[in-house]
Amino acid sequence: MSDVIDRPLPEAEAPAKNRLRIIDCDVHPSLHARSDLNPFLSKRWQQHMKTFGDHLRTPYIGTTPYPRSSPLIARRDAWPPTGGPPGSDLAFMRKQHLDPLDIEFGILQVLDMFIFSQQNLEFGAAIQRAVNEWQLAHWTSREPRLKAAILVGQDDTEAAVAEIDRCAKIGQYVQINVCPRANEPLGRRRYWPIFARAQELDLPLGIHVGGYGGHAPTGGGWPSYYVEEHQSNAHSVAAQLSSLVIEGVPERFPRLKIVFIEGGLGWIPATTWRMDQHFDRFRDEVPHLKRRPSEYVKEHFWFTTQPIDEPDEARHLRSLIEWVGVDRLLFSSDYPHWDFDDPRFAFKTPLTEAERARIFNGNARALYKL
Amino acid sequence: MARHIVARTTDIPPGGNKVVAVDGRDIVVFHVNGEFFALLNRCPHEGAPLDKAACVARLTSPEPGVYQRSRVGELLRCAWHGWEFDMRNGQSYFDPARVKIRTYPVVIEDGETLAKGPYVAETFPVHIEDSYVIVET
């Protein structure tokens, strides 16, 4: 990589039929204000939201336990000129993100109010439904490039399945989202009814990093710093990949597709190699697994690319992409968050046209049937 | 080296900036502490527009609990990933030897001088009572 970018931006667009358009698998829309959800909430839950608000297992109300780099973890240039938080203004999102980066489709990942981790399960169920309705009313019905996900908090499995069924009847959603930090590891059987429904409906299961499951975010305990906590995104999803595979979820649900979102890439080869190594030695402990863990990973799991790893030597990123597999990767930007990846510049290693076509478009198009 | 008249000095208020297109490149001109600095308007990391960067101060601390701010507004903190650069020479703070932003020399000349020189492009209205910011590329 050149250390000084001083080339002009590419002038002319490639001809429309040849150009590679981008499918962005991680776009964060935001509520302008919590009251945006009122039209989708009964009086009882509107009143509850106003009076009691969130019950999350986190020490502070209205902010995160670790101050995160920038206000609302957002790019400083992403605050809409019309006011409101980054990601809350569709017109500005089009102007700043969807149009200039030629985004063909953007998969929405709603983090507002973190429905997955609400400790009042009934309130959680009410706002998960409201958020799912709000995605259609405020976003996908107004902008066909954007696609919604069915958000469900997996700890109330029954409510989650009911919500999946309600949304599936509407048919506008491309994914079912659960959280990587819940009360138990994701592979546990209490969550299997959700996986059964996802397989039945042929909707990928999306797992975006974050959440407040009540446990320390690392196996080693509570981090002291944001930069330390940020590492735990990778730890969490590595733990969940192991849990899902070793508990036998892909074996039990052979058509289930699972997407890890915003977990990065670097941890995947190491986790998979070690699972294989231990499987080869201790397979008698887990006779429900019929194949080596890496085989399940290569068939059932996809990984979004952001935050793309930036090793000092570009060829190491190249190796990493090959180890994970080009067919497993889905480009994501994380717009409008501060650690946004720009599809034109984020990959500091050369990719062939065919590889670019798969990572930036083809893999997601096939997975989400776009 | 080509010279481009890009603005009147009064077009860019102190603490502000202006993005100008010069030969297909976007160049951002900052006005800070009475000086003007011109840099390519793209972060060398992922190309973020630097006109949206936070203009911050150098912060030093000789001992715990004591800190000093200096060069207020002369350091850029990119709006995306927070990479920091010295506006004066484009050098990054975390890896000055390898990572920098392309900078361009800036001069201020008054309109009277320009009117006499060869740079009176027909398309530029020249008011000889003003001063102009000239970027050299």
Side-chain angles (χ1 to χ4, degrees), chain A residues 1-12 22 28 67-81 86 92 95-97 100-101 226-227 230 264 305-314 317 331-349, chain B residues 1-2 4 15-17 19-28 30 38-56 73 75-87 89-105 135-137:
Chain A
M1 123 196 203
S2 156
D3 294 331
V4 180
I5 294 184
D6 68 350
R7 59 188 183 276
L9 281 172
E11 285 280 334
I22 305 293
H28 294 290
R68 288 183 170 178
S69 175
S70 60
L72 294 185
I73 61 171
R75 278 169 48 169
R76 282 168 193 271
D77 61 345
W79 289 78
F92 187 62
K95 183 168 170 236
Q96 184 172 51
H97 186 58
L101 297 184
Y226 174 49
V227 68
H230 211 297
T305 54
Q306 180 274 342
I308 189 76
D309 286 292
E310 297 178 1
D312 285 345
E313 300 205 24
L317 176 60
F331 172 76
S332 61
S333 76
D334 199 31
Y335 179 87
H337 291 167
W338 75 266
D339 43 356
F340 168 83
D341 272 346
D342 187 306
R344 297 165 298 181
F345 308 116
F347 287 67
K348 306 289 191 192
T349 191
Chain B
M1 190 171 272
H4 307 269
N17 69 61
V19 179
V20 296
V22 177
D23 294 341
R25 289 171 166 78
D26 276 351
I27 291 176
V28 58
F30 291 94
L39 302 98
L40 190 73
N41 192 28
R42 300 179 61 210
C43 178
H45 178 217
E46 287 199 30
L50 291 171
D51 62 297
K52 301 289 196 282
C55 296
V56 299
L75 298 176
L76 290 171
R77 185 175 189 276
C78 180
W80 292 2
H81 305 92
W83 285 27
E84 290 179 328
F85 300 91
D86 189 332
M87 204 185 273
N89 53 19
Q91 277 183 341
S92 59
Y93 245 65
F94 52 93
D95 192 356
R98 286 188 67 223
V99 181
K100 65 181 297 187
I101 307 168
R102 171 64 50 96
T103 56
Y104 301 92
V135 170
E136 299 177 350
T137 62

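Quick caveat: nothing in here was measured; it's all calculated off a predicted structure. Note on naming: letters A, B, ... go to the chains in the order of the sequence lines (proteins, then strands), and numbering restarts at 1 for each one. Computation of the quantities below employed the complete heavy-atom set of this structure, encompassing side-chain atoms and omitting hydrogens, waters and symmetry-equivalent molecules.
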Quiz item: How close do A:S69 and B:R77 get, heavy atom to heavy atom, and via which atoms?
Solution: O-NH2, 3.6 Å

Self-check item: Distance, nearest 0.5 Å, that separates CD of B:E46 from OG of A:S333
Solution: 10.0 Å

Quiz item: Looking only at heavy atoms, what is the nearest atom pair of A:R76 and B:A54, with distance?
Solution: CD-CB, 4.4 Å

Quiz item: What closest approach, in Å, do B:P49 and A:D77 show between heavy atoms, and which atom pair accounts for it?
Solution: CG-OD2, 3.9 Å

Quiz prompt | Test item: B:H81 side-chain N/O and A:D341 main-chain N/O as donor-acceptor pair under 3.5 Å | solution = no

Quiz item: What closest approach, in Å, do A:R75 and B:W80 show between heavy atoms, and which atom pair accounts for it?
Solution: NE-NE1, 2.8 Å

Quiz item: If you take all heavy atoms of A:E310 and B:H45, which pair is closest and at what distance?
Solution: OE2-NE2, 2.6 Å

